[in-house]
Amino acid sequence: MMRPVLIDHAAGFRAEAYVSMEHENAFQTGPVMVVPARTYLRLRFLNAKQVVETFQGVLTESEMRGLLSRRNYILNYIDTLVEQQGYENTVSES
């Protein structure tokens, strides 16, 4: 079941912020368990070169590394869900 997710984009750039796919969200619907295929694929193919080309001069090198690190965390989380509950129950094609 797809559910809305609120993202605090600024929190991703604050060292003291805790951001997790596994904790309760603002809608009180639990952790992220299903993601759109479009999101999954865009994250999968996002690479450092694209990040630098898009954000150079806007983000610092450290912030760009942090962005890629969070991408890796999200992909690892989704990949683990796929292993546990199957692709068809984790990635929504609709």
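With sequence neighbours excluded, no residue satisfies side chain to side chain donor-acceptor pair (under 3.5 Å) with E88. For T54, there are no side-chain contact (heavy atoms from CB on, under 4.5 Å) partners, not counting sequence neighbours. When the side-chain contact (heavy atoms from CB on, under 4.5 Å) test is applied to S69, no partner is found at least two apart in sequence or on another chain. Partners of Y87 according to the side chain to side chain donor-acceptor pair (under 3.5 Å) rule, which considers only residues two or more places apart in sequence or in another chain, are E93. Applying the side-chain contact (heavy atoms from CB on, under 4.5 Å) rule to L81 yields the partners M33, Y77, Q84, Q85, T90; only residues at least two apart in sequence or on another chain are considered.
A single hydrophobic cluster is not seen to contain both L46 and L41; linkage of ILVMFWY side chains at heavy-atom distances under 4.5 Å, directly or through other members, places them apart. Residues L75 and V91 are members of one and the same hydrophobic cluster, defined by side-chain heavy-atom contacts under 4.5 angstrom among Ile, Leu, Val, Met, Phe, Trp and Tyr.
In this structure, CG on L43 lies 10.0 Å from CG on N72, to the nearest 0.5 angstrom. Atom CD1 of I78 and atom OH of Y73 lie 10.0 Å apart (nearest 0.5 Å). The distance from the CZ atom of R70 to the CD1 atom of I74 is 8.0 Å, given to the nearest 0.5 Å.
With a 6.0 Å radius and a threshold of 12 heavy atoms from other residues, nucleotides or ligands, E53 has its CD atom above the threshold.
Pairs passing the side chain to side chain donor-acceptor pair (under 3.5 Å) check and including a residue from residues 42-51, sequence neighbours excluded, read Y40-R44, R44-D79.
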